[in-house]
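So you know, we letter chains A, B, ... as the sequences are listed, proteins then strands, and number each from 1.
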Protein chains: 2
Amino acid sequence: MSSTHDAAYGSTMAEQTPPAPGPPRSAARDRLLRTASALFYAEGVRAVGVDRVVAEASVTRATFYRHFAGKEALVVAYLQAVDDATRSRAGQQPDDPAEVASWLRRLTSQIGDELCRPGFRGCAFINAAAEYPDPASPVRVAVREHREWLQGTATAALARTGHPDPRAAGGRWMTLRDGAMVGAYLGDVEQARTTLRAGVEDLLAGR
Amino acid sequence: MSSTHDAAYGSTMAEQTPPAPGPPRSAARDRLLRTASALFYAEGVRAVGVDRVVAEASVTRATFYRHFAGKEALVVAYLQAVDDATRSRAGQQPDDPAEVASWLRRLTSQIGDELCRPGFRGCAFINAAAEYPDPASPVRVAVREHREWLQGTATAALARTGHPDPRAAGGRWMTLRDGAMVGAYLGDVEQARTTLRAGVEDLLAGR
DNA sequence: CCGTAGGTAGAACGATCGTTCTTTCTCTTG
DNA sequence: CAAGAGAAAGAACGATCGTTCTACCTACGG
């Protein structure tokens, strides 16, 4: 849940602040992003107005617009925060190819655990994309980047386990993951979890 | 996006139903629902206002509120129209158990074709659910009913093909279907199509 | 023939949308 | 100490949200 690179904002003059780099990290901005993330995920993006975020974060509108160009930028920051959290939770693949299979199992079971969490409301990226039809919008770009990373990671892992067709297998893994996310939100959580786990075992068995 | 009963409203003569059950079928109502369906699907539900629907359907607000209790009722009608279309397109399962496998193949390939259609923007129900967090809302009820019917149908079909574990297989079919819908919208259409088809073949082979 | 229902046309409601503005206060830092 | 950035507080912008209302027109079945 941390922002990454927000360099080059307003400073036209010498930006040589060693301790505080520009406007990125402040208590107010942090509260804003954290509050917005919770609200956007739980209730949908369009359903949550700036006023609501600002009020719930105990921050004024002026402060909000100092830290974010607008609502859309906040939405992108929200998705990037989820992306960051997902990537750091996944960690990096082990060097030893013999450990890759169990690494992918762990990555998958992390998703399985996510499905069971109390406030689970599906995939943040799938849900956001439902509200942003324009594929060129910054929101959709953020969605695409996350998904390409995720599928690429799974594909690479499956390749290293020696799967005969890693590209197709990565696509299957992603389908399994998406289906589980949707199924757990709109249907039976336990069934989604089981299907996901069994599917990954098939993949790891080279099937 | 075709509604099932397109040819049923123009009749000036044979319309001898005096009590007119609840929501009457009129040209204005039909235009309203058709326009709303296209807009809701293409741009998202919250993104499309009543004014917009009313203007694009060449109907006044007063007429709209005569036919629908409010926007939410229109959303539910939209989903029910998609549900109707899906059910009628699927048809009913053949009596002969030997034909069930090819029937399920056809149902699945209908979905595969849907993914390739020009304006495809994912599953109407998944997208709508993303915008309606409350599981008790009429919209979510409509979503649930559609999904339960769909999964139930697939499960029944797989049972009749003699699959050893039809319940799990039906869940897998649904996961495949959801994953393909999401993947085709947010990723590679062809890969989604291929994964879906291959997955169903596995299911039909009893795997 | 008249009554009524469904239609058009358009004004209006309060609420909320995202955004911008001015003003004042409180810190930190040179 | 002085300077300046960050934040608080709140007014205000035009636009749009979903909804309700009155008024008039038209078609049709009793």
Side-chain angles (χ1 to χ4, degrees), chain A residues 6 9-33 35-36 39-40 43-78 131-132 137-139, chain B residues 9-33 36 39-40 43-78 131-132 137-139:
Chain A
D6 282 319
Y9 188 76
S11 63
T12 52
M13 291 293 288
E15 177 83 34
Q16 51 188 18
T17 47
R25 209 162 299 210
S26 82
R29 193 198 137 96
D30 220 58
R31 244 178 306 143
L32 237 11
L33 183 52
T35 310
L39 290 175
F40 285 161
E43 305 186 19
V45 175
R46 285 200 112 100
V48 176
V50 172
D51 282 17
R52 178 92 179 286
V53 174
V54 147
E56 221 131 317
S58 302
V59 159
T60 59
R61 276 176 290 277
T63 303
F64 166 71
Y65 281 100
R66 191 191 320 273
H67 288 290
F68 297 94
K71 187 188 179 181
E72 192 178 68
L74 182 63
V75 177
V76 171
Y78 149 60
E131 300 199 63
Y132 285 82
S137 73
V139 171
Chain B
Y9 64 87
S11 58
T12 51
M13 303 181 58
E15 190 73 40
Q16 54 184 30
T17 46
R25 206 160 295 172
S26 76
R29 191 197 138 95
D30 219 60
R31 245 178 306 141
L32 237 11
L33 182 52
L39 289 175
F40 285 161
E43 304 185 20
V45 175
R46 285 199 112 99
V48 176
V50 172
D51 282 18
R52 178 92 180 286
V53 174
V54 146
E56 222 131 318
S58 302
V59 159
T60 59
R61 276 175 290 278
T63 304
F64 165 71
Y65 281 101
R66 175 164 329 169
H67 287 289
F68 297 94
K71 188 188 179 181
E72 192 177 67
L74 181 61
V75 177
V76 171
Y78 148 60
E131 300 198 62
Y132 285 82
S137 73
V139 171

Expressed in angstrom and rounded to an integer, what is the separation of A:Arg46 atom CZ from D:dG18 atom P?
11 Å

Without decimals, in angstroms, what is the distance between A:Glu72 CD and C:dC17 P?
17 Å

Quick one, B:Arg61 and B:Asp51 - any side-chain contact, counting heavy atoms below 4.5 Å?
yes

For A:Phe64 and C:dC17, give me the distance from atom CZ to atom P, rounded to whole Å.
13 Å

Give the minimum heavy-atom separation between A:Glu56 and A:Thr35, together with the two atoms involved.
CB-CG2, 3.6 Å

Between the base of D:dG18 and the side chain of B:Arg61, is one N or O donor paired with an acceptor at under 3.5 angstrom?
no

Tell me the interatomic distance from A:His67, atom NE2, to D:dA8, atom C1', rounded to whole angstroms.
12 Å

With respect to the side chain of A:Arg66, which nucleotide from D:dG18, D:dA9, D:dA7 is positioned closest?
D:dA7

I want to confirm an ordering. Mapping A:Gly49 and A:Ala62 to their closest nucleotides on DNA chain C, which one lands closer to the 5' end?
A:Gly49

For D:dG10 and A:Thr60 - does any side-chain N or O of the residue sit under 4.0 Å from the phosphate oxygens OP1/OP2?
no

Proximity to the side chain of B:Asp51 - top-ranked nucleotide from C:dA9, C:dG7, D:dT19:
D:dT19

Considering all heavy atoms, the nearest B:Phe64-B:Val59 contact
N-CG1, 4.1 Å

Gap between atoms CZ and P, on B:Arg52 and D:dC17 respectively (whole Å):
9 Å

Rounded to whole angstroms, how far apart are CD on A:Glu43 and P on C:dC17?
11 Å

For A:Ser58 against A:Arg31, the heavy-atom pair lying closest together:
O-NH1, 3.1 Å

Candidate nucleotides D:dT20, D:dA7, C:dG7, ranked by approach to the side chain of B:Tyr65 - the nearest
D:dT20

Separation of atom CZ in A:Phe68 from atom P in D:dA7, rounded to whole Å:
11 Å

